[in-house]
Amino acid sequence: MAHTSNRPVEWAKLIEENENRLYRAALAILGDPQEAEDAVQDAFVKYLEKAPADLENPAAWLMRVLVNGCKSRLRLSWRQVVELPETLPAPEPREREELEELWQLPPEERCAIHLFYYEGWSTREIAAITGVAEGTVRSRLSRARERLRALLGDRKE
């Protein structure tokens, strides 16, 4: 029998406020639109099934569940990395090249970059979301920045 949460939730509002940012984060980590959609759906299902009754910040809880789910998906042996989809919004060739450089980063670094620059989370918050030490988050951000500088620098010459 399926478990249903007894907590009153404004479900439509919760989804509306979080689905786009969760999808962007999942896409940044996984690199596949269909996998990202599945990861977001899984996060919302887990919210219904397992979120604590006294949850203060549903957005942070959802992001942590999403990131953990994405990490699990990356460990699956059948998962294949695909090229950057043509449907991503990158109207100019230069923007597309920059996105392709970003996709060359390891998933942990893409995750840190996305959560820091696109979602605006602090390194402390990212550490809590991803379950790693704050120093590890800072290291990942630093390594990602260096790799991006090298990748983008090589192209400018």
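One is the number of the first residue; the rest follow in order along the sequence.
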Full working for side chain to side chain contact (heavy atoms under 4.5 Å, CB included) between R140 and I126: CA-CA 11 Å; R140 288 177 179 173; I126 296 169; over 6 Å; no
Atom of A25, atom of L66 and distance for their closest heavy-atom approach: CB-CD2, 3.9 Å
Chi angles and distances behind the salt bridge (Lys or Arg N to Asp or Glu O under 4.0 Å) call for R149, E146: CA-CA 5 Å; R149 273 189 209 106; E146 285 302 314; 2.5 Å; yes
For L74 against P107, the heavy-atom pair lying closest together: CD1-CB, 3.2 Å
same_hphob_cluster(V137, Y117) at 4.5 Å side-chain heavy-atom cutoff: yes
Shortest non-hydrogen contact from L62 toward L14: CD1-CD1, 4.1 Å
Side chain to side chain, P106 and R147, heavy atoms closer than 4.5 Å: yes
hydrophobic_cluster_shared for L115 and Y118, side chain cutoff 4.5 Å: yes
Residues D38, R73; criterion side chain to side chain contact (heavy atoms under 4.5 Å, CB included); working and verdict: CA-CA 10 Å; D38 289 346; R73 288 174 181 278; 3.3 Å; yes
Straight-line distance of L30 CG to E37 CD, nearest 0.5 Å: 11.5 Å
Minimum heavy-atom distance between R110 and G31, given as atom pair plus value: NH2-N, 4.4 Å
Pairs involving residues 127-137, ordered by first then second residue, that meet side chain to side chain donor-acceptor pair (under 3.5 Å) (sequence neighbours left out): T123-E134, E134-R138
Backbone of S122 reached by a side-chain donor or acceptor of E125 within 3.5 Å: yes
Taking every non-hydrogen atom, the tightest pair across A51 and W61: CA-CZ2, 3.6 Å
Side-chain heavy atoms of I15 within contact of F44, under 4.5 Å: yes
S142 versus R145, side-chain donor and acceptor atoms under 3.5 Å: no
R21: side-chain contact (heavy atoms from CB on, under 4.5 Å) partners, not counting sequence neighbours: N18, R24, A59, M63, E119, W121
Heavy-atom closest contact (A26 atom, A39 atom, distance): CB-CB, 4.3 Å
